[in-house]
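Below is one structure, written out as structure tokens, with a few remarks after it.
Numbering of ligands and ligand atoms starts at 1, following listing order. Computation of the quantities below employed the complete heavy-atom set of this structure, encompassing side-chain atoms and omitting hydrogens, waters and symmetry-equivalent molecules. Because the structure is predicted, anything quoted here is derived from the model rather than measured.
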Amino acid sequence: MAEKSFKYVILGGGVAAGYAAREFAKQGVQPGELAIISKEAVAPYERPALSKAYLFPTGTARLPGFHTCVGSGGERLLPEWYTEKGIELLLNTEIVKADVPSKTLVSAAGETIKYEILIIATGSTVLRLTDFGVEGADAKNIFYLREIDDADKLVEAIKAKPNGKAVIVGGGYIGLELSAALKINNIEVTMVYPEPWCMPRLFTAGIAAFYEVYYSNKGINIIKGTVASGFTSDSNGEVKEVKLKDGRVLEADIVVVGVGGRPLTALFKGQVDEEKGGIKTDGFFKTSVPDVYAVGDVATFPMKIYNEIRRVEHVDHARKSAEQAVKAIMSTENIEEYDYLPYFYSRAFDLSWQFYGDNVGETVLFGNDDPKAENPKFGTYWIKDGKIIGAFLEGGSPDENKAIAKVARVQPPVESLDSLSTEGIAFACKI
Ligand code: FDA
Ligand code: NAD
């Protein structure tokens, strides 16, 4: 079998890979030195589009429209860009074995790829209901969403089931964004999740109440406090019903499952140090093994601002960690240690929120959180040890969003929670 050899290899062709490639080019990588290996068939793209405009009936996003790095307002790197730079894109290539001591990767087709320096950017995969042994969970038209192929299958199903019924399993990011996308496609939507409110790993009960009422007003049926315990299918093997643990049964033509992700670290088990479910790195994304770096969803890195090591499954960190690793590899100048301020966001219907910082401590809700308001604008501050350490804002202007980012970074002291609630976003804007 063929053997290829590169100075730099990025394993994974997602968001981090695209931003790393751009940084390699900036730092003067030479033609033939860099390869990106991806099991996907397309050059790196902005994954967040898959749960948003990719699924819209109008104004639909399609490649090449959302290749990296357009998501952060940067240059769109088309496949030709990689060719021009002499960066090899090894697409449709799944690596099934990594031997770190010999710096060798082996593909499913048996090809060997050698590297001098490796960046692991394999991202996450979805948790599947079949992994938990849920009865009937392998029926047709039960979908997960991670890659463009998954999105294409879902788009086909939406077209095949006009005015159909969908059940969305999970009340996190995928649950909330996909419920909206399917509803916009005239599908009747029911969401099911086990917790007392949606997006519990970030939202407070107060924040969630706004979205739950807003979604209900859009005609989305929400069932909380239970899980999908089984599925029945018709004679074609297509899903027909979702059985809930509380005994209820829901009809369904389409099911979308978003019950969380898992970082893809298995190829490196026992070869690099791991922590908190990811590959342990320093503030330059170096792993425990020389010449091996890990970025994006798979990296567990020092979050300097909180003096803690953490893993982050969001696009802003994928972009920034990739750039940091490449600078650390290529730059002749001194690089500052990564100093990341967590930034998460989501968009659905006409809504758009941003969050910066840490969501621990006491909370203060402010603003107009009436789901029926024409332009609702509300937020929440998180306060710990007398200082604001996190801020959430729905419906903010670009300047207001910048202001909440600054508040979370500066961590100003707070004297009275009552006056903070009254002042609301104005407090952030004056920092
Ligand atoms: P990413 O998953 O982007 O890329 C990993 C790549 O590695 C994939 O191409 C994969 O095929 C490849 N790969 C894995 N194993 C391989 C192997 N063995 N061989 C070859 N290739 C392999 N975040 C956010 O902040 N805002 C948002 O709105 C969204 N929206 C969103 C929507 C959807 C549908 C998803 C799935 C995720 C988001 N996210 C998000 C999260 C964000 O997209 C995610 O954190 C980044 O894509 C992570 O970037 P990585 O490059 O680490 O992994
Ligand atoms: P998530 O962790 O956001 O949410 C999972 C949800 O499923 C939680 O509410 C959880 O309690 C619930 N759940 C768990 N088991 C369940 C069960 N058996 N039945 C019903 N519900 C169950 O994960 P996700 O929404 O699947 O997202 C997957 C990945 O994609 C994450 O990495 C996420 O960060 C990323 N993503 C991010 C965005 C964004 O940042 N805007 C958008 C889409 C996806």
Can you list the atoms of ligand 1 that are under 4.0 Å from a heavy atom of K52?
27 (C), 28 (O), 29 (C), 30 (N)
Nitrogen or oxygen atoms of G261 and ligand 2 under 3.5 Å apart
no
So K402 and Y356, do their side chains get closer than 4.5 Å, heavy atoms only?
no
What I want to know is whether K52 and ligand 2 share at least one N or O pair that is separated by under 3.5 angstrom.
no
What atoms in ligand 1 come closer than 4.0 Å to a heavy atom of L264?
14 (C), 15 (N)
Ring centers of H314, Y173 separated by less than 6.0 Å
yes
Check: of K39, R47, E94, min heavy-atom distance to atom 13 (N) of ligand 1 comes from K39
Below 4.0 Å, non-hydrogen atoms only: which portion of R201 touches ligand 2? Side chain, backbone, both or neither.
side chain
Parallel, tilted or perpendicular, judged at 30° and 60°: which one describes the rings of F378 and F392?
tilted
When only distance counts, is Y173 in polar contact with ligand 2, meaning an N/O pair under 3.5 Å?
yes
Quick test of your reading of the structure: of C198, G175, G258, whose heavy atom lies closest to atom 7 (O) of ligand 2?
G258
For Y215 and F349, take the angle between the two ring planes, folded into 0 to 90°, and tell me which bin it lands in: parallel under 30, tilted 30 to 60, perpendicular over 60.
perpendicular
Looking only at N/O atoms, are G260 and ligand 2 under 3.5 Å apart anywhere?
yes
Pick, from V15, I95, I37, the option with the minimum heavy-atom distance to atom 19 (N) of ligand 1.
I95
OG-CZ distance between S352 and R347, expressed to the nearest 0.5 angstrom
6.0 Å
Contacting atoms of ligand 1, where contact means under 4.0 angstrom from a heavy atom of E40
8 (C), 9 (O), 11 (O)
Option nearest atom 2 (O) of ligand 1 (shortest heavy-atom distance, choices H314, R146, R347, E177)
R146
Contact check, Y345 vs ligand 2, heavy-atom distance below 4.0 Å
yes
Please determine whether ring-ring contact (aromatic ring centres under 6.0 Å, His included) holds for the pair W382 and F355, giving the CA-CA distance in whole Å, both sets of side-chain angles, and the decisive distance to 0.1 Å.
CA-CA 11 Å; W382 279 260; F355 166 83; 5.3 Å; yes
Residue selection (non-hydrogen contact nearest atom 6 (C) of ligand 1) among P44, G13, P342, A299:
G13
Do the two ring centres, one from Y381 and one from F366, sit under 6.0 Å apart?
yes
Ring centroid separation Y345 to W353 under 6.0 Å:
no
Taking both backbone and side-chain atoms of D297, is any N or O found less than 3.5 Å from an N or O belonging to ligand 2?
no
Between ligand 2 and R347, can you find any atom pair, the residue atom being a heavy atom, that is separated by under 4.0 Å?
no
For S124, is the nearest heavy atom under 4.0 Å from an atom of ligand 2?
no
Y338/F285 aromatic ring centres below 6.0 Å
yes
Nearest option to atom 52 (O) of ligand 1, as decided by whichever heavy atom of D149, T265, D297 sits closest:
D297
Which ligand 1 atoms are under 4.0 Å away from a heavy-atom of L267?
18 (N)
Show which atoms of ligand 1 fall inside a sub-4.0 Å distance from at least one heavy-atom site of A318.
48 (C), 49 (O)
Going by side-chain contact (heavy atoms from CB on, under 4.5 Å), V257 matches just one of L178, L145, I142, I168. Which one?
I142
